[in-house]
Amino acid sequence: MTPEAQHIELEGIDSSLLVREKSERRVGLPPLPNAVQGNVVMRFAPGPSGPLHLGHTRVAILNDDYCRTYDGKFINRIEDTNPDKIDPDAYDMIPEDLEWLGVKVHQTVVQSDRFELYYDVARRIIELGKAYICTCSVEEWRGLKEKCLPCPHHEEDVATTMEKFEKMLAGHYEEGKAILVVKTDLKHPNPAIRDFVGFRIVTSTPHPLKGSKYCVYPMMNFSVATDDHLLGLTHVLRGKDHLNNTLRQAYMFNYLGWEKPHYTHYGLVSVPDAILKTSTVGIGIRSGEYSGWDDVRLGTVRALAKRGFQAEAIRAYWVDCGIKETDVEFSWDNIYAYNKAIVDKVANRYFFVWDPVPLQICGAQELSAKVPVHPDHPELGMREFHMTSPIIINVVEKDLQNAMEAGRVRLKDLGNVEFRSGKATYLGNDLSILKEGVRIIHWVPDNCYPASVHMPTGEVKDGFVEVLPKTEEGKVVQFERFGFVKVEKVAPKLVAYFTH
RNA sequence: GCUCCCGUAGUGUAGUCCGGCCAAUCAUGAAGCCCUCUCGAGGCUUCGACUCGGGUUCAAAUCCCGACGGGAGCACCA
């Protein structure tokens with residue numbers, strides 16, 4: 001029977017079966033599995049190697065969004081268990097960045113405050129016979145693991161292991177000479193899962209906060225599993241690159257009888273044309289290549305803020321992106337679109353002329369123009385210009401070339417001009433000229449300010465800008481036919497950063 | 001090499017769990033048109049995708065198998 005025939009026959013039997021509820025297109029994030037309203041605990045866990053960048057914003061915002069939806073608790077957990085990769089300033093910069101992003105933090109936890117807790121858990125795992133102290137060389141231990149073979153320490157008894165662990169804590173071993181290994185399954189087909197390092201010895205680099213108080217440092221898998229349990233996490237969002245870490249950490253949860261949080265692994269994001277790598281940027285700042293963490297060429301949160309991005313646009317972007325396991329390519333176009341939707345409504349319009357060339361207009365003794373501050377908001381008033389002979393304005397070089405070729409051009413809100421033998425002559429102010437296909441260009445009067453607009457490429461666009469009120473400092477405005485910019489300073493020279 | 005994950009337009013996304021109203025959603029982009037005033041603003045129109053091959057079924061983007069493609073992990077980093 002064809003589908004059509006079935007349809008007809010079904011109609012005869014029970015036509016209500018043919019009506020299906022329209023499934024609405026889902027808005028926002030998918031529901032969190034097993035989430036109970038008011039009983040959700042999530043975390044954001046950055047390493048304090050620098051301020052936050054675009055890559056961090058995804059998981060920060062997703063966690064925050066879910067916490068808001070379920071009236072949950074957001075924990076900011078600073079993972080500072082590798083003293084080699086800590087920038088002490090990051091302890092302050094990370095909360096600042098989260099605040100700018102509009103992320104509500106309910107609790108802040110610093111892992112270096114919790115070493116004793118990790119040691120306690122280590123002792124419990126040792127007692128369960130699920131850990132050993134290995135003093136083999138790195139290559140030896142790794143090589144055996146690859147062949148599914150135990151190292152000589154794997155079967156040492158609990159008392160011996162405990163004694164060695166206490167000796168580690170007491171500083172009896174040098175850096176690199178002993179590790180605590182958590183047993184998993186040496187025969188596991190996935191080599192990434194077999195026995196993992198729980199603690200190592202670090203003595204060469206003092207901890208920026210704790211100095212040389214500790215010499216035994218937990219590895220990420222150990223401290224993360226411990227804290228995810230102790231902090232009562234219900235849901236964990238993490239990148240797909242942690243898939244194997246989740247499996248490793250599951251061993252600890254199982255040994256200790258802990259209830260596992262619900263894990264969601266999202267796909268990796270590749271951000272084209274962005275400088276994100278914290279270590280690279282740090283070097284660049286020290287060498288003077290970058291002006292600082294907020295250099296507009298960078299993909300840091302503070303650089304985006306400086307450029308005039310709205311936190312709400314970044315949030316909308318990531319919520320739209322969702323949390324699938326598919327890898328995604330970050331789209332500047334899409335985030336610009338979200339930002340534009342927000343900023344376009346509130347950005348006042350001004351004329352900025354880049355690549356400026358002077359243009360004298362003949363045939364008029366005086367000219368004036370009234371231009372709306374915002375075309376959609378007449379109540380914001382008009383920018384007024386008044387010029388007397390000789391009337392000289394500045395226009396964009398390329399615009400002038402095109403205009404001369406075309407023969408006529410419309411100066412926005414000022415008047416029409418005609419070009420004859422290289423001279424520009426005023427042609428009245430009749431707008432019907434537009435019907436004839438004449439182009440509109442913008443301009444600035446002769447008595448205006450110089451301006452520099454810093455582009456995210458590092459390029460600087462110099463030109464002239466009309467006089468902006470001081471109240472625009474710190475705000476995003478639109479330079480017509482140029483783009484949106486965030487104004488840093490209006491006088492005596494305007495400085496602005498290009499948004500998009 | 002071993003293990004795991006993922007494949008819907010240029011990009012992101014909805015639909016996939018529970019096969020049918022999906023000749024596949026929304027946004028972005030591109031192209032074109034409109035606008036008495038931003039061809040870098042706004043409005044409208046158009047373009048464009050279920051990775052491939054088998055199987056199951058009356059019916060497959062959706063279920064099964066295989067191939068191919070992409071990504072990640074196999075650290076005394078996080």
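No experiment lies behind these values; they were computed from the predicted model shown. Just so we're on the same page: letters track the sequence lines, and every chain starts at 1.
Separating the CG atom in A:Leu359 from the CD1 atom in A:Ile393 is a distance of 5.0 Å, to the nearest 0.5 Å. Here the straight-line distance linking atom CD1 of A:Ile335 with atom CH2 of A:Trp332 works out to 7.0 Å at 0.5 Å rounding. A distance of 14.5 Å separates CG in A:Leu233 from NZ in A:Lys260, rounded to the nearest 0.5 Å.
Using a 4.0 Å heavy-atom criterion, one finds that A:Gln478 contacts the bases of the nucleic acid, with or without backbone contacts as well. Base contact: A:Asn334 has a heavy atom under 4.0 Å from a base atom. Across all strands shown, A:Ser270 has no heavy atoms under 4.0 Å from either base or sugar-phosphate atoms. Contact annotation for A:His265: no contact, since no heavy-atom pair falls under 4.0 Å across all strands. In this structure, A:Val138 reaches the bases: a heavy-atom distance under 4.0 Å links it to at least one base atom across the strands shown. Residue A:Asp413 is in base contact, counting any heavy-atom pair closer than 4.0 Å across all strands shown. When heavy atoms are screened at a 4.0 angstrom cut-off, A:Asn245 is found touching base atoms of the nucleic acid. Across all strands, A:Pro46 comes closer than 4.0 Å to no nucleic acid atom at all (heavy-atom distances).
Side-chain atoms of A:Glu329 and A:Ser270 include no donor-acceptor pair closer than 3.5 Å. A:Arg238 and A:Thr246 share a side-chain donor-acceptor pair at under 3.5 Å.
A:Asp241 has its CG atom 15 Å from the P atom of B:rC6, to the nearest Å. Here the P atom of nucleotide B:rG40 and the CG atom of A:Asp355 are 15 Å apart, to the nearest Å. Remark: P of B:rU13 and CH2 of A:Trp318 are 10 Å apart, rounded to the nearest angstrom. When the C1' atom of B:rU8 is taken as reference, atom CD of A:Glu325 falls 17 Å away, rounded to whole Å.
With sequence neighbours left out, A:Asp376 forms a salt bridge (charged side-chain N to carboxylate O under 4.0 Å, His left out) with no residue at all. Applying the side chain to side chain donor-acceptor pair (under 3.5 Å) criterion to A:Asn334, with sequence neighbours excluded, gives A:Ser331. Applying the side chain to side chain donor-acceptor pair (under 3.5 Å) criterion to A:Asp65, with sequence neighbours excluded, gives A:Arg315. For the side-chain contact (heavy atoms from CB on, under 4.5 Å) test, residues two or more places apart in sequence or in another chain that qualify with A:Met42 are A:Leu32, A:Val40, A:Asn63, A:Tyr66, A:Cys67, A:His235, A:Leu237. For the side chain to side chain donor-acceptor pair (under 3.5 Å) test, residues two or more places apart in sequence or in another chain that qualify with A:His374 are A:Arg349.
A ring-centre distance under 6.0 Å is not found for A:Tyr132 and A:His153. Annotation: A:Phe385 is in aromatic contact with A:Trp443 [ring centroid separation under 6.0 Å]. Under the 6.0 Å cut-off for aromatic ring centres, A:Phe330 and A:Tyr317 qualify, their centroids lying closer than that.
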Worksheet item: Pairing of RNA chain B as dot-bracket, 5' to 3': ( ) intra-strand, [ ] crossing, | other strand, . unpaired, with Watson-Crick or G-U pairs under 3.5 Å?
Response: (((((((..(((.......[.....)))((((((.......))))))...(((((..]....))))))))))))....

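Remark: A:Asp399 engages A:Arg481 in a salt bridge, criterion side-chain N to carboxylate O under 4.0 Å. Salt bridge A:Glu175/A:Lys177: absent, no basic N to carboxylate O contact under 4.0 Å. A:Glu325 has no carboxylate O lying under 4.0 Å from a charged side-chain N of A:Lys240, or vice versa, which leaves the two without a salt bridge. Using a cutoff of 4.0 Å between basic side-chain nitrogens and carboxylate oxygens, A:Asp228 and A:Arg43 are scored as salt-bridged. Taking a cutoff of 4.0 Å between a charged side-chain nitrogen and a carboxylate oxygen, A:Lys210 and A:Asp113 qualify as a salt bridge.
Across B:rA75, B:rA78, B:rU38, the shortest atom-to-atom separation from the side chain of A:Arg142 is found for B:rA75. If you check B:rU36, B:rU8, B:rU3 against the side chain of A:Asn190, the one that comes closest is B:rU3. Side-chain proximity of A:Thr326 to the nucleotides B:rC76, B:rC6, B:rU13 is greatest for B:rC6. Side-chain proximity of A:His242 to B:rG73, B:rC37, B:rA78: nearest is B:rA78. Nearest to the side-chain atoms of A:Cys321 among the listed nucleotides B:rU13, B:rC4, B:rA78 stands B:rU13. Minimum atom distance to the side chain of A:Glu329 is reached by B:rG12, of the listed B:rG29, B:rG12, B:rA41. Between B:rG73, B:rU38, B:rU28, one nucleotide has an atom nearer to the side chain of A:Pro375 than all others, and that is B:rU38. Here the nucleotide nearest the side chain of A:Leu431, chosen from B:rU36, B:rC77, B:rG71, is B:rU36. Taking the side chain of A:Ala192 as heavy atoms from C-beta on, and the options B:rC76, B:rG73, B:rA78, the nearest nucleotide is B:rG73. For A:Pro189, taking side-chain heavy atoms from C-beta onward, the closest of the listed nucleotides B:rA78, B:rU3, B:rU13 is B:rU3.
Within residues 221-229 of chain A, no residue has a heavy atom under 4.0 Å from RNA chain B. For residues 173-185 of chain A, proximity to RNA chain B is found at A:Gly176, A:Ile179, defined as any non-hydrogen atom under 4.0 angstrom from a strand atom. Taking every heavy atom of residues 344-352 of chain A and every atom of RNA chain B, pairs under 4.0 Å involve A:Asp344, A:Arg349, by number.
Map A:Ile441 and A:Cys136 each onto its nearest nucleotide of RNA chain B; the residue landing nearer the 5' end is A:Ile441. Checking A:Arg194 against A:Ser331, the closest nucleotide of RNA chain B that is more toward the 5' end is the one next to A:Arg194.
Geometrically, A:Arg307 does not engage A:Phe484 in a cation-pi contact defined by less than 6.0 Å to the ring centre and at most 45° from the axis.
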Strictly under 3.5 Å: I want the nitrogen or oxygen pairs between protein and nucleotides 64-66 of chain B, one per line.
none

Between the protein and nucleotides 32-35 of chain B, list every N/O to N/O distance that falls short of 3.5 Å.
from	atom 1	to	atom 2	distance (Å)
B:rC35	OP1	A:Lys435	NZ	3.2

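Across A:Ala451 and A:Phe352, no two heavy atoms sit closer than the pair CB-CE1, 3.8 Å. Here the closest non-hydrogen pair linking A:Glu436 and A:Arg408 is OE1-NH2, 2.9 Å. Closest approach of A:Asn394 and A:Pro445 over heavy atoms only: ND2-O, 3.8 Å.
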Item to complete: Summarise how protein sits on nucleotides 45-51 of chain B as a single string, 5' to 3': B when a protein heavy atom is under 4.0 Å from the base, S for sugar-phosphate-only contact, - for no contact.
Response: -------

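Side-chain atoms of A:Lys412 and base atoms of B:rC37 include no donor and acceptor less than 3.5 Å apart.
For the OP1/OP2 pair of B:rA14 and a distance below 4.0 Å, the side-chain nitrogens and oxygens of A:Lys324 include at least one atom meeting the criterion.
Residue A:Tyr217 forms a ring-ring contact (aromatic ring centres under 6.0 Å, His included) with just one option from A:Tyr118, A:Phe222, A:Tyr119, A:Phe115, and that option is A:Phe115.
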